[in-house]
Amino acid sequence: MILYSTKNRQLKANLEEAVFRSLPADNGLYMPEHIPTVSEEFLKNIDQLTFNEIAFEVSKSLLNEDIPENDIRMIVERAFDFDAPVVPIEVNIRCLELFHGPSMAFKDFGARFMASLMSYFLGRSQKEIHILVATSGDTGGAVAQGFHNVPGISVTILYPKGKVSDIQEKQLTTLGGNVTALEVEGTFDDCQALVKQAFLDKELTQKYNLASANSINISRLIPQSFYYFRAYAQVKHLGLPVVFSVPSGNFGNLSAGILAHRMGLPVDHFVAVTNRNNVVPKYLENGAYTPSPSVETVSNAMDVGNPSNFVRLTRFFDDEWSQVKNDVSGFWFNDEQTKAAMQDVYERQGYLMCPHTAVAYLGLKEYMNLINKEVLGVFLSTAHYAKFLNVVEDALGTAEVNIPTRLSVLLSKTKESIPMSTRFEDFKNYLLS
Ligand SMILES: *Cc1c(COP(=O)(O)O)cnc(C)c1O
């Protein structure tokens, strides 16, 4: 796979370089130069295949120039021991549950595959690498789980003190081993600024092989395409055009859906749904992209004012607004609407959604009501509701919510974190010590 920078088509990298660098030197985003299509045979029989068989076939199409087939199989097997089931909610409405991985959020797909792929490349080169990642909650948990005990890799996670949920904090701070959590006396933006500065610091970059695990890394995008194929496999027999509704923040998830579509997955339409951080729905409305500071909402993993994958998303459409609009509709919803949907679906269907998932549900309903009813709508559930207990209890007006064992055992574990100021010197001294 050859990748080019969205800022300069001549600036190219192979897969291994793109995975370890994350970003091209000119700060663009890596895009595949050529997108292969999957075979008709594969799509015809896809409903007979498991998640890992599908992941293997899709990876093979994308990575066969970089990695031998048997190694691709091993990378996939090592990454995934969880599925992406589609469950019925209402007539012609299904939910794609992406929270069956170790941190119970969809970021597990990206993080696990990235860890497996990096570890494969490292095994060949004997390098040691140090991953730095800033998190507002879900990314850190998925990355910590994904890289825990992976040889040759150590992970430092920076999170804003008091600004992640209890469960999220325990996911970051109780693994130990090669994972260290820094509790930063500041905001997510402060955490991100520290990480960015570390990558620019000569002394640090000379001493360590620093790598980033953020959502723009191509090895996180690729595996997110797998579950769109897996979802299609489960609804194909219904014979209706398929629409995916994607709850979006940095728009990596939606970009991966577009990638799957470009690879030949039959998708009728995508719905891009956000909370009040609505720069992309506004862009879809009038063609103007106007980033703005993020505002806090109950679906906080989507509180993004300048989505990092926006450039990649539009590049799939040759940066043509009219083409984006052909395939993608945008909607956005406020916190009251989100909580009302959580309560409504719970009362009518007995199905409890996290706030991000509720936003996707609302977007799908709006699309089917306003634009096209004759479809099979699949909305993506990006996290288990129990990761956002405060919001769930508020929406339902009760504190009697079931917590899965995988999360409840975390609450009894002891947090281990290192306090950190927002001063770069402190952070740097810590890394050097
Ligand atoms: C990260 C995240 C999102 C947003 O996904 P993007 O790929 O950034 O658009 C939505 N929901 C949850 C629960 C998340 O953790």
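Below, all heavy atoms of this structure are taken into account, side chains as well, without hydrogens, waters or symmetry copies. For ligands, and for the atoms within them, numbers begin at 1 and follow the listed sequence.
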Would you confirm whether the ring centroid of Phe244 sits within less than 6.0 angstrom of the ring centroid of Phe379? no

Which residue holds the protein heavy atom closest to atom 7 (O) of ligand 1, what is that atom called, and what is the gap in Å? Asn253 N, 2.9 Å

Given Asp138, which of Gln168, Gln171, His356 fulfils the side-chain hydrogen bond (donor to acceptor under 3.5 Å, both in side chains) condition? Gln168

I'd like to know whether CG of Asn402 has more than 12 heavy-atom contacts from other residues, nucleotides or ligands below 6.0 angstrom. no

Atom 5 (O) of ligand 1: the protein heavy-atom neighbour that sits closest, reported with distance to 0.1 Å: Phe106 CZ, 3.4 Å

Classify the contact between Pro247 and ligand 1 as side chain, backbone, both or neither, using a heavy-atom distance cut-off of under 4.0 Å. backbone

Between Asn275 and Ser299, do the side chains contain an N or O donor and an N or O acceptor separated by less than 3.5 Å? yes

Decide yes or no for Lys163 and Ser136: does some side-chain heavy atom of the first lie under 4.5 Å from some side-chain heavy atom of the second? no

Is it possible for you to check whether Arg230 lies under 6.0 Å from the centre of the six-membered ring of Phe51, through NZ or CZ, and within 45° of that ring's axis? no

Near Ala383 (heavy-atom distance under 4.0 Å), the atoms of ligand 1 are 13 (C)

In the protein, which heavy atom is nearest to atom 4 (C) of ligand 1, and how far is it? Gly249 N, 3.6 Å

Gln224 versus ligand 1: do any nitrogen or oxygen atoms come within less than 3.5 Å of each other? no

In the protein, which heavy atom is nearest to atom 8 (O) of ligand 1, and how far is it? Asn250 N, 2.8 Å

Ring centroid separation Phe226 to Phe109 under 6.0 Å: no

Close-contact set for ligand 1 against Gly252 heavy atoms, below 4.0 Å: 6 (P), 7 (O), 9 (O)

Answer side chain, backbone, both or neither: which part of Met302 comes under 4.0 Å from ligand 1, heavy atoms only. side chain

How far is atom 11 (N) of ligand 1 from its nearest protein heavy atom, and which residue and atom name does that atom have? Thr382 OG1, 2.8 Å

Does the gap between the ring centers of His384 and Phe99 come in under 6.0 Å? yes

Taking atom 14 (C) of ligand 1 as the reference point, the nearest protein heavy atom with its distance: Lys107 NZ, 2.8 Å

